[in-house]
Amino acid sequence: METWDAIRGRRNVRAYSDRPIAPEQLDRILEAGWRSPSSRNDQRWDFVVVTDRQRLRELSKVWQWAQHVATSAATVALLAPDTEDPGERASIEYDLGQATMSMAIAAADLGIGSGHASVADQDLARRILGHPPDRVCPYLIAFGYPADRPLKPIQKPNRRPFDDVVHRERW
Ligand SMILES: Cc1cc2nc3c(=O)[nH]c(=O)nc-3n(C[C@H](O)[C@H](O)[C@H](O)COP(=O)(O)O)c2cc1C
């Protein structure tokens, strides 16, 4: 796909086919995250990629809206330093969002769908992923080929009207 088509074709995919993701394609998705920009280039992230079916099933229990993780071909857990500082937390979350989107677009470029999930049960996530006590797992992003229909540019996305969102020069 062209970049513009990948941007327009990405959508939240929660139902995945059985088709596995080839290792080199999964590595490309991960590399997109690794290449992402971050505040001061601090790269306050680690990615744990999970493909084992039983582990994916367990991981899907960390949040009530994460069931799609169970049937994904791969899920990437985004890990970040644990901090109480609201400014640092906001900055980390901004950066994690950028890494997430880079991976989602790289996946869409390959025809692979993605679906975010928040993480409510941090203790369960830690038991499954094994990260150290100074790290937390704020989000997961699941990947897999869509079970319903292939990705293709969405002509009319479900979004607030463009002109309501975009302000030119001043609000
Ligand atoms: C921070 C964040 C957390 C999300 N968490 C979940 C989630 O837990 N489960 C889920 O099914 N979708 C989750 N989503 C996906 C959004 O619901 C979805 O991206 C949004 O409805 C727009 O749809 P689209 O991605 O198809 O354009 C999350 C998205 C973001 C940005």
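Counting starts at 1 for both ligands and their atoms, in listed order.
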Pairing of D123 and R126 as salt bridge, 4.0 angstrom limit: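 Between R126 and D123 there is no salt bridge, as every charged N stays at least 4.0 Å from the carboxylate O atoms.
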Between R135 and D46, is the closest basic N to carboxylate O distance under 4.0 Å? yes
One should read off an interatomic distance between H68 NE2 and H116 NE2, to the nearest 0.5 angstrom, of 9.0 Å
Protein heavy atom at shortest distance from [atom]:
atom                    : value
atom 3 (C) of ligand 1  : S118 OG, 3.8 Å
atom 22 (C) of ligand 1 : R159 NH1, 3.8 Å
atom 25 (O) of ligand 1 : R10 NH1, 2.9 Å
atom 9 (N) of ligand 1  : W65 O, 2.9 Å
atom 1 (C) of ligand 1  : Y139 CE2, 3.7 Å
atom 8 (O) of ligand 1  : W63 NE1, 2.8 Å
atom 21 (O) of ligand 1 : R14 NH2, 4.8 Å
atom 14 (N) of ligand 1 : H116 CB, 3.7 Å

Is there a donor-acceptor contact under 3.5 Å linking the side chains of Q25 and R28?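 There is no such pair between these side chains.
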Nearest non-hydrogen contact with atom 15 (C) of ligand 1 belongs to which option: N12, T100, L96, V13?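 It is N12 whose heavy atom sits nearest to atom 15 (C) of ligand 1.
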Looking at side-chain heavy atoms only, is the closest gap between S36 and M101 below 4.5 Å?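 No - every pair of side-chain heavy atoms lies 4.5 Å or more apart.
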A117 neighbourhood, listing ligand 1 atoms whose heavy-atom distance to it stays under 4.0 Å: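 Counting atoms of ligand 1 from 1, those under 4.0 Å from A117 are 5 (N), 6 (C), 7 (C), 8 (O).
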Between W34 and W45, which heavy-atom pair has the shortest distance, and what is it?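 So the two residues come closest at O-CZ2, 4.4 Å.
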Which atoms form the tightest heavy-atom contact between S72 and T75, and what is the distance? OG-OG1, 2.8 Å
